[in-house]
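Whatever order the structure lists them in is the order used to number ligands and atoms, beginning at 1.
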Amino acid sequence: MRNSLKHLIAGPCSAETREQVLETAKEISQIDALTYFRAGIWKPRTAPGSFEGVGEDGLAWLKEAKETYGVKTTTEVATPEHVEACLKQGVDALWIGARTTVNPFYVQQIADSLKGVNIPVFIKNPISPDVGLWMGAIERFKLSGITDVSVIHRGFFSYAKGVFRNPPMWEIPIKLKTEFPDLQIICDPSHITGNSDLIEEVSKFAMQLGMDGLMIETHPTPKEAWSDAKQQVTPDRLKEIMESILLSKTNSDISHEEVEKMRKEVNLVDSETLEDIAKRMLIVKEIAKFKKENSATVFQHARWKFVLEESKKKAKELGLNEEFVEDLMNLIHKESLNIHHTIYNS
Ligand code: PEP
Ligand code: MN
């Protein structure tokens, strides 16, 4: 995978005042890697009554930032009216927010409003981890004639509260990259972490994964921000993060005899693991037939509890991550239930 930073999109979550926009733009325009200055003008907020953005007035501030500090600008659009206003004020690129990507009607309307206009479009992942929906949005813009379509990975909503505001589920952007190898994927550690202390770590990991860029929310006084106060960094902190990322640049493709040898071993283990799983499924089939003939219920709670506990014990013994082994066993169990389903209905 490649690992060069092709995009750094930075700026406040929301444009709040003309001074705040200009001050932030001035500071971050000094960062060489900056490709776009961002600021939300219309904010999709969960609850009504919270700050919903300054609206069209903010577009004039973006224009002023561009003219004064030479930064290209980008903002979120959710309706054809937003698109029209942005085009009128010379916004250089548009992004589609996570709450918009989920809705094909909105995405299509925005894509239609861009017919005949070739402006770069960044598509954030839908709130739900649905790679098909994300791909659908990409296609809608491409079909509208937009040639410069990139995506922004901003993590996925999770009901469980953990370290991250929106867990990254890296396997989802990786799947997208597999489907569209030339697609540029930009990571948004701000919305993934929801925590300014974790931005550097997640940014570095995204770069190590071979992502093409970063979108980092930056505010002159993050604590006083009108939206997403916990996750914004100051321009000075952004400069530090970028220096550290550029220093830790990794190589894109490794091909080394030693690594190739180990990869061959991994391939062998993968193949043996699959053979073992196939063996397990054959036994499950026999058990399912037996259970069916004896009119037993498919799911035997005590048995499943035993299997899980034994696997977790074994995981500990083997030095494997218990949570990983639990997930793996759940996946295997899901397939066992599918096999039962087929046999019981045959
Ligand atoms: C944002 O970028 O400020 C934003 C609202 O993002 P998302 O659509 O990822 O929640
Ligand atoms: Mn935000």
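Within the listing of ligand 1, atoms 1 (C), 3 (O), 5 (C) sit less than 4.0 angstrom from a heavy atom of K43. Listed by number with element, the atoms of ligand 1 under 4.0 angstrom from any heavy atom of C13 are 3 (O). Residue-ligand proximity, G97 to ligand 1, at heavy-atom distances under 4.0 Å covers atoms 8 (O). Listed by number with element, the atoms of ligand 1 under 4.0 Å from a non-hydrogen atom of R99 are 7 (P), 8 (O), 10 (O).
Counting protein heavy atoms only, atom 4 (C) of ligand 1 is closest to H191 NE2, 3.5 Å. Of all protein heavy atoms, the one lying nearest to atom 8 (O) of ligand 1 is A98 N, 2.8 Å. Of all protein heavy atoms, the one closest to atom 6 (O) of ligand 1 is K124 NZ, 2.9 Å.
In this structure the side chain of L62 never reaches within 4.5 angstrom of the side chain of Q89, judged on heavy atoms. Contact annotation: the side chain of Q300 never approaches that of F306 to less than 4.5 Å [non-hydrogen atoms, C-beta and beyond]. Counting heavy atoms from C-beta on, the side chains of S113 and H82 never come closer than 4.5 Å.
Around CG of D32, the count of heavy atoms belonging to other residues, nucleotides or ligands within 6.0 Å does not exceed 12. Counting non-hydrogen atoms of neighbouring residues, nucleotides and ligands closer than 6.0 angstrom, the NZ atom of K175 reaches no more than 12 such neighbours.
A distance of 9.0 Å separates CD1 of I241 from CG of L214, quoted to the nearest 0.5 Å.
Any N or O atom pair closer than 3.5 Å counts here, and E217 shares at least one such pair with ligand 1. The shortest N or O to N or O distance between R38 and ligand 1 is under 3.5 Å. Some N or O of R154 is nearer than 3.5 Å to an N or O of ligand 1, by distance alone. Not one N or O of P44 is nearer than 3.5 Å to an N or O of ligand 1, by distance alone.
A side chain to side chain donor-acceptor pair (under 3.5 Å) with D188 holds for exactly one of R154, Q231, K124, H153; it is K124.
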For this session: Might you work through the side chain to side chain contact (heavy atoms under 4.5 Å, CB included) test for C187 and M215, ending with a clear yes or no?
Result: CA-CA 6 Å; C187 177; M215 176 186 252; over 6 Å; no

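Note on ligand 1: G40 sits outside its first shell, no heavy atom being nearer than 4.0 Å.
The aromatic rings of H301 and F299 stand perpendicular to each other, their planes meeting at an angle above 60°, with 30° marking the opposite boundary. The aromatic rings of F122 and H7 lie perpendicular to each other, with more than 60° between the two planes, well past the 30° mark.
Within D228, the N, O or S atom lying nearest to the Mn ion (ligand 2) carries the name OD2. Taking the Mn ion (ligand 2) as reference, E217 places its N/O/S atom OE2 nearest.
The Mn ion (ligand 2) lies at the vertex of an angle of 170° between the SG atom of C13 and the NE2 atom of H191 (rounded to 10°).
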